[in-house]
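Only one structure is covered here, and it is reproduced in the block below.
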Amino acid sequence: MIKKLRIYMPFVNAGMQETTTYRANWIFLMLGNVLGCFVSYFIWKAVFVSGTDSSLNGFTMPQMVVYIFLMFLTSTLISSGGTYDIGEEIRDGSISMRIIKPISYNATFLFQELGNKLLTICILIVPMVVGVEIVRTVISGTVQFEIQGFLLYILSCTFAYLINFFFNICFGFVAFIIKYLWGANMMKNCIVGFLSGTVIPLAFLPDILEKIFLFLPFASLNYTPVMIYMGKYSGISLLYYLGLQIFWVLFFWGLSKLLWYVSIKHLSIQGG
């Protein structure tokens, strides 16, 4: 196992170097996400101000503020660019360099992204968590931070990232057939954003739709970790949603293996 990990360490270093080399791109990407976060805040603030009730579907305005910023943090932590990277490598022909190496195709992307994640976590997670906890403390008047809840949130985010990674890998294999994924990837991101609770909390949906969406893998991406952090899930429900995340990790991992063997037969490199 240790020997295999050493094989992929250069990909971790490559991910870290890519982030530091193109740091302006990373900074503007984060600023764009922060801007979207504040846009969501003002929209929901207008919704609560225009309403007559102090809470909507179990969310008060202070809780919605925490939800919005936790959703931004979670989306950043679990983000994965596998779909885009596979599409670009097929388009320019550089995929041939990965295929000829005697290593796992999926693992090269995974460890390269881990290098990027390490820097992102070091830079973002501490100030964001501190900021969220300050807001929660000011609102409630007492310290809300619980180390157990935070560790469960990190565990859930780990499962969420693996789901997102293998799902994007599976979707990226479509590029082996249609050659270019930019448009399809944009459509996929919009659909996943809605189904994962990024646009609106799933609790705001009709009961039947909420139950269906909670079972789908997309709720396990953002909604489940955020609900765990906010203390909405506990006991049996907590174990259920963590177990559901594990199920989707294994499902998409297995599906990615299957699709790889099917898709590689349709490979036609545009640039090579």
Side-chain angles (χ1 to χ4, degrees), residues 25-26 28-47 56-59 63-88 113 116-117 120 124-125 128 132 153 156-175 181-206 208-230 232-233 241 244-245 248-249 251-252 255:
N25 177 68
W26 184 87
F28 282 115
L29 179 63
M30 292 300 105
L31 287 176
N33 290 338
V34 170
L35 180 61
C37 187
F38 277 99
V39 169
S40 296
Y41 164 75
F42 286 112
I43 290 175
W44 281 108
K45 182 178 180 180
V47 170
L56 293 174
N57 295 91
F59 284 83
Q63 288 177 328
M64 185 58 70
V65 172
V66 174
Y67 178 89
I68 291 169
F69 285 95
L70 280 177
M71 193 58 77
F72 159 72
L73 175 62
T74 305
S75 298
T76 302
L77 292 178
I78 71 163
S79 62
S80 175
T83 297
Y84 176 82
D85 292 337
I86 292 174
E88 286 300 299
E113 282 195 351
N116 176 280
K117 292 298 174 191
T120 301
L124 277 184
I125 193 168
M128 281 297 300
V132 168
Y153 168 75
S156 182
C157 281
T158 302
F159 293 147
Y161 169 70
L162 292 174
I163 295 170
N164 200 28
F165 172 79
F166 287 116
F167 170 73
N168 278 306
I169 288 291
C170 291
F171 191 83
F173 287 155
V174 177
L181 278 182
W182 188 85
N185 192 41
M186 292 291 290
M187 181 184 69
K188 183 262 296 180
N189 288 340
C190 290
I191 295 173
V192 171
F194 176 74
L195 296 179
S196 65
T198 303
V199 180
I200 59 172
L202 299 184
F204 283 66
L205 300 175
I208 184 64
L209 286 180
E210 180 186 2
K211 291 178 181 178
I212 294 174
F213 287 1
L214 284 174
F215 180 76
L216 294 177
F218 310 110
S220 293
L221 299 179
N222 294 312
Y223 195 72
T224 295
V226 171
M227 290 295 100
I228 290 175
Y229 194 108
M230 296 181 67
K232 298 286 187 179
Y233 294 156
Y241 287 111
L244 191 60
Q245 284 186 304
W248 287 118
V249 169
F251 175 83
F252 283 115
L255 184 62

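What you are looking at is a predicted structure, and each value in this text was computed from that prediction instead of being measured. Only this structure's heavy atoms are used, side chains among them; waters, hydrogens and symmetry mates stay out.
Panel note: side chain Asn168, backbone Asn164; a donor-acceptor pair is recorded below 3.5 Å. A distance-only check finds a donor-acceptor pair linking the side chain of Thr224 to the backbone of Ala219 [under 3.5 Å]. Remark: side-chain polar atoms of Ser75 are not paired, donor with acceptor, to backbone N or O of Phe72 under 3.5 angstrom.
Phe59 carries Lys232 over the face of its six-membered ring, with the cationic atom under 6.0 Å from the centre and within 45° of the normal.
Note on ring orientation: taking the six-membered ring where Trp is involved, the planes of Trp248 and Phe251 are perpendicular (angle over 60°, cut-offs 30° and 60°).
Residues passing the side chain to side chain donor-acceptor pair (under 3.5 Å) test with Tyr161, sequence neighbours excluded: Glu113. The side chain to side chain donor-acceptor pair (under 3.5 Å) search around Thr198 returns Ser196, Asn222, not counting sequence neighbours. Listed by chain and number, the residues in a side-chain contact (heavy atoms from CB on, under 4.5 Å) with Leu195 are Ile191, Phe213, Phe218 (sequence neighbours excluded).
Remark: aromatic rings of Phe171 and Phe166 are distant, center separation not under 6.0 Å.
Distance check: Leu162 CG to Leu221 CG gives 11.0 Å after rounding to the nearest 0.5 Å.
With no hydrogens or angles considered, no side-chain donor-acceptor pair links Ser156 and Tyr229 at under 3.5 Å.
More than 12 heavy atoms of other shown residues, nucleotides or ligands fall within 6.0 angstrom of atom CZ in Phe204.
The two residues Pro201 and Tyr223 make their nearest non-hydrogen contact at CA-CE1, 3.9 Å.
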